[in-house]
2 protein chains.
Amino acid sequence: MALAHTILATLGDEAYSGYDLWKKFSQTKACYWQASQQQIYRELGKLEKEEAIDSEIIAQKGRPAKKIYQITDKGIEKLKNWVLEPAEPMAIREDLLVKVISAHLAPKSVILQEIERHRQIHTQQLSVYKEIEQQNFPDVSKLSYKQKCIYATLRCGIGYESYRISWCDEAISLLSEETSK
Amino acid sequence: MALAHTILATLGDEAYSGYDLWKKFSQTKACYWQASQQQIYRELGKLEKEEAIDSEIIAQKGRPAKKIYQITDKGIEKLKNWVLEPAEPMAIREDLLVKVISAHLAPKSVILQEIERHRQIHTQQLSVYKEIEQQNFPDVSKLSYKQKCIYATLRCGIGYESYRISWCDEAISLLSEETSK
DNA sequence: AGCTACATGTAACGAGTTACATGATTAT
DNA sequence: ATAATCATGTAACTCGTTACATGTAGCT
């Protein structure tokens, strides 16, 4: 249900087309939400049908026309009611850990290299987040409440990637050790 | 796709009924996979159809009969091939962060209490994992490779809950501050 | 008498993924 | 030429959630 609300939250600040939302999600929103282009288009269709958003078609020179969406009063109300409800922690479904559990079926090097590969992915993502932090949040004491909320989600992403890197290091070290048994 | 493989991995050690798998998942597997009872029954049906597992009905005194499943050679092959493929990092979809982004729509106390509630949930889960660690892995140096693999997933769960708790503390502190703007 | 645990399933729906379809512009 | 980016969508399928359906045994 939260993809709809994530879209509403994003449209709360600014009007976006489906394509723009998708790009925004692929970039900054990556630390707390992910959605494919198709999912976004479908969700926009649903939200428009229930009048939580409305659209306007903008012609562009040299480019295809854009259909930009804005949140309605009904949409703001819907989002607000949802914010007031409690949220459940995300369910963990990590393929890599299932593979670690089954690691004895493969050569040791395969799983070690795979963990190393994940370490690199998380290191890369961490540097992206840190770059955003430096660029957009150089002085935390000067942020408004709304900006602090956004910063808190970025800190969550930074914490997550750091934790993943630490775990990869720990796992590599643990599984590399010589084992008598 | 990985629920099927998670079940295969579990059945690799021991035969289980659908009900037993569900309980096992609710407990120890919680740090890397979650599935409902219905999902497990459906997946078992599929796996049996493709002959990756087979079943046996065991009558019990004073209790309903159990249908216990065992992995077949075909199932082991399927699992092994999957382990050799690379795994993508889990997609993050955290409702709480979407709510933090929309926090200005609600009274400040609502979001702070919600983060505090999450902090408690993660603290509780962390203590469960630490209890398992103390009980089952008192001496890491004496573990076999297979046991080390299991231990690595537990360490992943411990790291995750610790990271979540740290973030909740950071977020509460950040959003509680007096803000001039 | 009512709750929890044991035990298996069907049906419907919502969310997420993958493939397909179309067509213009810009950069290499 | 051909690949990438811009731009929107349909269709089919799989995965995850919720509700419904059934029945026994043991505990309070």
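Quick note on labels: first sequence line is chain A, next is B, and so on, each numbered from 1.
Put simply, CD1 on A:I58 is 11 Å from P on D:dT8, counting in whole angstrom units. The CD-C1' distance, from A:Q37 to D:dT10, rounds to 13 Å in whole Å. Atom pair B:Y69:OH and C:dT8:C1' shows a separation of 9 Å (rounding to whole Å applied). Look at CG on B:L21: it is 15 Å from C1' on C:dG9, rounded to the nearest Å. One can place CH2 of B:W33 at 10 Å from P of D:dC15, the figure rounded to the nearest angstrom. If you take CD1 of B:I92 and P of C:dG16, they are 13 Å apart, rounded to a whole angstrom. Atom OH of A:Y41 is separated from atom P of D:dA11 by 17 Å (rounded to the nearest Å). Summarising the geometry, the separation between CG on B:D95 and P on C:dG14 is reported as 17 Å, rounded to the nearest angstrom.
Side chain of B:Y19, nearest nucleotide from C:dA7, C:dT17, D:dC20: C:dA7. With C:dT18, D:dT8, C:dA7 as the candidates, the nucleotide lying closest to the side chain of B:K66 is C:dA7. In this structure, the nucleotide among D:dT17, C:dT8, D:dA7 sitting nearest to the side chain of A:D20 is D:dA7. Comparing atom distances between the B:K46 side chain and each of D:dT17, D:dA7, D:dC15 picks out D:dC15 as nearest. Taking every side-chain heavy atom of A:Q39 into account, C:dG16 is the closest of C:dT8, C:dG16, D:dA7.
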Taking Watson-Crick (N1-N3 plus N6-O4 or O6-N4) and G-U wobble (N1-O2, O6-N3), each under 3.5 Å, can you produce the dot-bracket string of DNA chain C? Use [ ] for crossing pairs and | for inter-strand ones.
||||||||||||||||||||||||||||

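The existence of a salt bridge linking B:K66 and B:E56 is excluded, since no basic side-chain nitrogen approaches an acidic carboxylate oxygen closer than 4.0 Å. The pair B:K74-B:E50 does not count as a salt bridge, with every side-chain nitrogen at least 4.0 angstrom from each carboxylate oxygen. We find that A:D13 and A:K146 are joined by a salt bridge, their nearest charged nitrogen and carboxylate oxygen being less than 4.0 Å apart. Between B:E114 and B:R117, at least one side-chain N (NZ, or NE/NH1/NH2) sits under 4.0 Å from a carboxylate O, which counts as a salt bridge.
Residue contacts shown for A:E43 are absent, as no nucleic acid heavy atom lies under 4.0 Å away. Among the heavy atoms of the strands, none lies under 4.0 Å from A:A35. Residue A:A65 is in sugar-phosphate contact alone, with no base atom involved, counting any heavy-atom pair closer than 4.0 Å across all strands shown.
Residues B:Q34 and B:F25 have side chains not in contact (no heavy-atom distance under 4.5 Å, counting atoms from C-beta outward). In this structure the side chain of A:K148 reaches within 4.5 angstrom of the side chain of B:E177, judged on heavy atoms. Residues A:I121 and A:Q124 have side chains not in contact (no heavy-atom distance under 4.5 Å, counting atoms from C-beta outward). Using a 4.5 Å heavy-atom threshold, the side chains of A:L97 and B:C31 count as separate.
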Letter per nucleotide, 5' to 3', of nucleotides 22-27 of chain C [B base touched, S only sugar-phosphate touched, - untouched; heavy atoms, 4.0 Å]:
-B-S--

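At the phosphate of C:dA7, neither OP1 nor OP2 sits under 4.0 Å from any side-chain N or O atom of B:K23. Within the 4.0 Å cut-off from OP1 or OP2 of D:dT8, at least one side-chain nitrogen or oxygen of A:S17 is found.
No hydrogens or angles were tested; on distance alone, nothing pairs the side chain of B:R93 with the base of C:dG16 as donor and acceptor under 3.5 Å. Interface remark: the B:Q38 side chain does form a donor-acceptor pair with the C:dG9 base, using a distance-only criterion of under 3.5 Å. Taking 3.5 Å as the limit, the base of D:dG16 and the side chain of B:R42 contain a donor-acceptor pair of atoms between them.
More than 12 heavy atoms of other residues, nucleotides or ligands shown are found within 6.0 angstrom of NZ on A:K108.
DNA chain C is contacted by both B:I68 and B:A91; B:I68 maps to the nucleotide lying nearer its 5′ end (nearest heavy atom per residue).
In this pair, B:F137 and B:Y151 present their aromatic rings tilted. The plane angle is within the 30 to 60° band. The aromatic rings of A:W82 and A:H5 lie parallel to each other, with less than 30° between the two planes, well short of the 60° mark.
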